[in-house]
K.L.:
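Let me give you the structure first, and then I'll get to my questions.
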Amino acid sequence: MTTPTKPSRSRLPFVIREIRDGDLTFIVENIRSADAQELEAAYGHQDFLPGLEASVAASDEARICELDGDPVAVFGIRRFVTSTAAIFCVATGRVAETDRHLVRQSRRVIGQWFKGRRRLRTMLNYVSAKGIAHQHWLATLGAEFSPAVPMGATGALFHPFAIRRRSK
């Protein structure tokens, strides 16, 4: 009797790549519930594609996380001033299949963003107060949260958060 072998831990179950035509549409059509709720609270409607396209277009850098040929997340950064940038991530339900690896790669990407932008000190945005999974993921990346404040089209509660450059 043979035992199945475990997949190699050195090979990640996803790739990070440039955005292609159709990626954002795919993500919006397969958006995970928590992301949809957060975007609806922010936008006040469920037509997420124009807002996502605008976020990507305004980004200094945006990428796709792809699993088995499908986009499962889009993330990006946009610098406002030399020392401060906004970051974002929107995902499909399949992103949960990448959890452990995604956290590791997210840390790597954020480290690269700080390294490539030497004067950048803080990355920030807002996260729904109801988005416990989002808050947990952000906390693993070093995010510091402020008390929730009403925002967006619906006045829902969102926590401002910041990820700061670590001194070396």
Side-chain angles (χ1 to χ4, degrees), residues 9-24 26-28 31-32 34-35 38-39 41-43 48-67 70-92 94-129 131-149 151-152 157-168:
R9 291 187 183 263
S10 63
R11 184 178 176 274
L12 296 177
F14 62 86
V15 296
I16 295 175
R17 62 167 173 78
E18 298 286 325
I19 296 173
R20 298 181 196 142
D21 287 343
D23 285 343
L24 300 181
F26 184 90
I27 288 173
V28 167
I31 195 166
R32 68 179 162 175
D35 287 57
E38 189 169 280
L39 290 177
Y43 296 159
F48 306 136
L49 187 57
L52 191 53
E53 289 172 335
S55 291
V56 167
S59 295
D60 299 334
E61 186 175 342
R63 296 287 182 267
I64 288 290
C65 173
E66 178 186 283
L67 178 65
D70 291 330
V72 296
V74 59
F75 60 94
I77 183 171
R78 177 183 179 209
R79 191 182 287 194
F80 290 123
V81 295
T82 303
S83 63
T84 307
I87 61 171
F88 74 93
C89 180
V90 177
T92 71
R94 286 201 67 204
V95 77
E97 297 174 41
T98 68
D99 275 351
R100 210 171 15 154
H101 300 293
L102 184 62
V103 168
R104 191 172 335 162
Q105 289 300 309
S106 297
R107 287 182 187 140
R108 184 184 63 78
V109 168
I110 285 174
Q112 288 175 339
W113 284 346
F114 276 121
K115 186 177 180 180
R117 296 161 178 83
R118 297 216 181 269
R119 296 179 65 196
L120 179 63
R121 297 285 170 239
T122 307
M123 295 180 204
L124 50 84
N125 209 323
Y126 299 85
V127 62
S128 171
I132 302 303
H134 293 155
Q135 292 170 43
H136 177 71
W137 173 66
L138 288 163
T140 66
L141 301 177
E144 301 165 3
F145 300 92
S146 296
V149 294
M151 329 181 32
L157 293 177
F158 282 79
H159 289 284
F161 71 85
I163 300 172
R164 301 184 198 290
R165 177 186 291 275
R166 295 181 183 178
S167 326
K168 292 200 177 193

K.L.:
Can Glu38 and Phe158 be said to form a side-chain contact (heavy atoms from CB on, under 4.5 Å), step by step?
P.N.:
CA-CA 9 Å; Glu38 189 169 280; Phe158 282 79; 3.7 Å; yes

K.L.:
Can you check whether Leu102 reaches Val72 side chain to side chain, under 4.5 Å on heavy atoms?
P.N.:
no

K.L.:
For residues Met151 and Tyr126, report the shortest heavy-atom separation together with the two atoms involved.
P.N.:
SD-CD2, 3.0 Å

K.L.:
Residues in salt bridge (Lys or Arg N to Asp or Glu O under 4.0 Å) with Arg32, at least two apart?
P.N.:
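Scan of Arg32 (salt bridge (Lys or Arg N to Asp or Glu O under 4.0 Å), adjacent residues dropped) gives Asp35.
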
K.L.:
What is the distance from atom CE of Met123 to atom OG1 of Thr84, rounded to the nearest 0.5 Å?
P.N.:
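Those atoms lie 10.5 Å apart.
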
K.L.:
Return yes if some donor-acceptor pair links the side-chain N/O of Arg107 with the main-chain N/O of Gly142 below 3.5 Å, else return no.
P.N.:
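No; zero donor-acceptor contacts below 3.5 Å.
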
K.L.:
Would you name the heavy atoms of Phe161 and Ala143 that are closest together and state the gap between them?
P.N.:
CD1-CB, 4.0 Å

K.L.:
If you compare all heavy atoms of Ser106 against all heavy atoms of Leu141, which two are closest, and at what distance to 0.1 Å?
P.N.:
CB-CD2, 3.6 Å

K.L.:
Kindly compute the distance separating CD1 (Ile27) from CD1 (Ile19), expressed to the nearest 0.5 Å.
P.N.:
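Nearest 0.5 Å value for the CD1-CD1 distance: 7.5 Å.
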
K.L.:
May I ask you to decide if Asp60's main-chain N or O and Arg79's side chain share a donor-acceptor pair within less than 3.5 Å?
P.N.:
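Not at all, since once roles are kept as given, no pair shorter than 3.5 Å links the two residues.
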
K.L.:
Could you walk me through whether Trp137 and Cys89 pass the side-chain contact (heavy atoms from CB on, under 4.5 Å) check?
P.N.:
CA-CA 11 Å; Trp137 173 66; Cys89 180; 4.0 Å; yes

K.L.:
Side chain of Arg78, backbone of Ser55: donor and acceptor closer than 3.5 Å?
P.N.:
no

K.L.:
For Gln135, check side-chain hydrogen bond (donor to acceptor under 3.5 Å, both in side chains) against everything at least two apart and list the hits.
P.N.:
none

K.L.:
Which heavy atom in Arg165 sits nearest to a heavy atom in Leu120, and how many Å separate them?
P.N.:
NE-O, 2.8 Å

K.L.:
Once you round to the nearest 0.5 Å, how far does CZ of Phe14 lie from CD of Glu97?
P.N.:
12.0 Å

K.L.:
Below 4.5 Å, heavy atoms only, C-beta onward: do Val56 and Phe88 meet side chain to side chain?
P.N.:
yes

K.L.:
Quick check for you: to the nearest 0.5 Å, what is the distance between Gln105 atom CD and Gln112 atom CD?
P.N.:
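Rounded to the nearest 0.5 Å, the CD-CD separation comes to 8.5 Å.
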
K.L.:
So, taking the atom named CG in Leu138 and the one named CD1 in Ile87, what distance separates them when rounded to the nearest 0.5 Å?
P.N.:
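Leu138 atom CG to Ile87 atom CD1 measures 6.5 Å (nearest 0.5 Å).
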
K.L.:
Please round to the nearest 0.5 Å and tell me the distance separating atom CD1 of Ile163 and atom CG of Leu124.
P.N.:
9.5 Å

K.L.:
Where do Ile31 and Leu39 land on the side-chain contact (heavy atoms from CB on, under 4.5 Å) test, with the steps shown first?
P.N.:
CA-CA 10 Å; Ile31 195 166; Leu39 290 177; 3.7 Å; yes

K.L.:
Hey, does Ile16 have a side-chain heavy atom less than 4.5 Å from the side chain of Arg108?
P.N.:
yes

K.L.:
Looking only at non-hydrogen atoms, find the nearest pair between Cys65 and Phe75 and report the distance.
P.N.:
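For Cys65 and Phe75, the tightest heavy-atom pair comes out as N-CE2, 4.4 Å.
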
K.L.:
Check this for me: Phe48, atom CZ, are more than 12 non-hydrogen atoms of other residues, nucleotides or ligands nearer than 6.0 Å?
P.N.:
yes

K.L.:
Where does the angle between the aromatic ring planes of His159 and Phe145 fall among parallel (under 30°), tilted (30 to 60°) and perpendicular (over 60°)?
P.N.:
perpendicular

K.L.:
Less than 4.5 Å apart, any side-chain heavy atom of Asp23 and any of Arg17?
P.N.:
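Yes - at least one pair of side-chain heavy atoms lies under 4.5 Å apart.
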
K.L.:
Grab the two heavy atoms, one from Pro71 and one from Thr92, that are nearest each other, plus how far apart they are.
P.N.:
O-CG2, 3.8 Å

